[in-house]
*Asks:* 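Here you go, one structure.
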Number of protein chains: 2
Amino acid sequence: MQKTQEELKANILSALAHPNRVRILEFLKNGVKCNCEIAPKLDLEQSNLSRHMKILVQQGIVISWKDGLRVNYKIADERVFKILDLAAAIAKRSIETQAGVLEEV
Amino acid sequence: MQKTQEELKANILSALAHPNRVRILEFLKNGVKCNCEIAPKLDLEQSNLSRHMKILVQQGIVISWKDGLRVNYKIADERVFKILDLAAAIAKRSIETQAGVLEEV
DNA sequence: TGACTATATGAGCAATTACTCATATAGTGT
DNA sequence: ACACTATATGAGTAATTGCTCATATAGTCA
């Protein structure tokens, strides 16, 4: 079934919209990594990490390939970092203008 | 409690990561709108739309103010459109390189 | 072959999300 | 006051998400 443009965008954004996946992507800024390096570094359960990586690969944000026992990952599209930077900027402004904070209590 | 940078980014992205909220934002590109204009245009239930708008306002993506009975909305931070464009570009590439499609069946 | 390492995945669970219906709240205009 | 309009929210529900534990799969090396 055909997906709408809005669904396609929402799917990419959903894949990015988790703190651990944000951390994973930022860690992959350092270059190619395998699960066995990411998991201890970010303190994530092996099976949990495996599922996060699957989401990132399925959305074409990350590329993976086998290297012996390991599966290596690298960023497929550097534009994700622009998205993360913009999200940070929006969050920053939102906090500064108190817009998002009033609900907090 | 203090939120991490990763949580802040993920929260902004979560607010954007829904097809209907993407549609709402794109509709708000046309200028200031109230619920009563958005709901029929996008064919959304009144209560459902109200909750989507709350999410966008809470994250500081949209600003709202009362005008008599109505509540008006406008984009608070135009950078959301950059995010949406980047997400579309990533989705496009992902589809073209078949990276994301192989799982589909 | 067997022991070991790295990753994937089934099952179960708690929490969250998106939605709808019904109702409450708030402002308008008679 | 009353009827009316616009929005918000409580309650209930189905689907999804993120997590963990246990197990399966796949590759390495003695």
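Every chain is numbered from 1, with letters handed out A, B, ... down the list of sequences. Predicted, not measured: the structure shown is a model, and the values here were computed from it.
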*Asks:* Whole angstrom is fine here: how far is it from CZ in B:Arg70 over to C1' in D:dC4?
*Replies:*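 Going from CZ in B:Arg70 over to C1' in D:dC4 covers 14 Å.
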*Asks:* Take A:Glu45 and A:Asp67, find for each the nucleotide of DNA chain D with the closest heavy atom, and name the residue whose nucleotide sits nearer the 5' end.
*Replies:* A:Glu45
*Asks:* Return each pair, listed once, that meets ring pair (Phe, Tyr, Trp, His ring centres under 6.0 Å) where at least one residue sits in residues 10-67 of chain B; pairs must be two or more places apart or across chains.
*Replies:*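 Only B:His18-B:His52 qualify under ring pair (Phe, Tyr, Trp, His ring centres under 6.0 Å).
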*Asks:* Under a 4.0 Å heavy-atom cut-off, which of residues 8-34 of chain A touch DNA chain C?
*Replies:*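 By residue number: A:Cys34.
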*Asks:* Does B:Glu45 have any salt bridge (charged side-chain N to carboxylate O under 4.0 Å, His left out) partners at least two apart in sequence or in another chain, and if so, which?
*Replies:* none
*Asks:* In whole angstrom, give the distance that lies between atom CD1 of B:Ile55 and atom P of C:dT17.
*Replies:* 8 Å
*Asks:* Anything under 3.5 Å between a protein N or O and an N or O of nucleotides 8-10 of chain D, put it in a table, one pair a line.
*Replies:*
residue: D:dA8; atom: OP2; partner: B:Asn35; partner atom: ND2; Å: 3.2
residue: D:dA8; atom: OP2; partner: B:Ser50; partner atom: OG; Å: 2.7
residue: D:dA8; atom: N7; partner: B:Gln46; partner atom: NE2; Å: 2.7
residue: D:dA8; atom: N6; partner: B:Gln46; partner atom: OE1; Å: 3.0
residue: D:dT9; atom: OP2; partner: B:Lys54; partner atom: NZ; Å: 3.4
residue: D:dG10; atom: N7; partner: B:Arg51; partner atom: NH2; Å: 2.8
residue: D:dG10; atom: O6; partner: B:Arg51; partner atom: NH1; Å: 3.1
residue: D:dG10; atom: O6; partner: B:Arg51; partner atom: NH2; Å: 3.1

*Asks:* In whole angstrom, give the distance that lies between atom CD of B:Glu37 and atom P of D:dT5.
*Replies:*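 Taking CD of B:Glu37 and P of D:dT5, I get 17 Å after rounding.
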*Asks:* Distance-only, no hydrogens or angles: does the B:Arg21 side chain make a donor-acceptor pair with backbone N or O of B:Ala15 under 3.5 Å?
*Replies:* yes
*Asks:* For the side-chain contact (heavy atoms from CB on, under 4.5 Å) test, which of A:Leu25, A:Leu16, A:Val22 pairs with B:Lys9?
*Replies:*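 So the option named by the test is A:Val22.
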*Asks:* According to a strict under-4.0 Å criterion, is B:His52 in side-chain N/O contact with OP1 or OP2 of C:dC19?
*Replies:*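 True: B:His52 side-chain N/O within range (under 4.0 Å) of C:dC19 OP1/OP2.
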*Asks:* Without decimals, in angstroms, what is the distance between A:Asn72 CG and D:dG27 P?
*Replies:*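 My rounded result for the distance is 15 Å.
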*Asks:* Grab the CG-P distance between A:Leu44 and D:dG18 for me, whole Å please.
*Replies:*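 From A:Leu44 CG to D:dG18 P: 12 Å.
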*Asks:* Can you sort out the partners of A:Gln46 under side chain to side chain contact (heavy atoms under 4.5 Å, CB included), two or more places apart, ordered by chain and number?
*Replies:*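 Partners of A:Gln46 under the side chain to side chain contact (heavy atoms under 4.5 Å, CB included) test: A:Ser50.
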*Asks:* Counting only heavy atoms not in B:Asp43 (residues, nucleotides, ligands), do more than 12 fall under 6.0 Å from its CG?
*Replies:* no
*Asks:* If the condition is salt bridge (charged side-chain N to carboxylate O under 4.0 Å, His left out), which residues does A:Arg79 pass it with, not counting sequence neighbours?
*Replies:* A:Asp77
*Asks:* Got a second to check how far B:Glu78's CD is from A:Ile90's CD1, nearest 0.5 Å?
*Replies:*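 Spacing of CD (B:Glu78) from CD1 (A:Ile90) equals 10.0 Å.
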*Asks:* Just the rounded figure in Å: distance from P of D:dG27 to CG of A:Leu69.
*Replies:*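 From A:Leu69 CG to D:dG27 P: 8 Å.
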*Asks:* Any chance you could measure B:Lys41, atom NZ, to B:Arg23, atom CZ, to the nearest 0.5 Å?
*Replies:*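 Here the interatomic distance stands at 10.5 Å.
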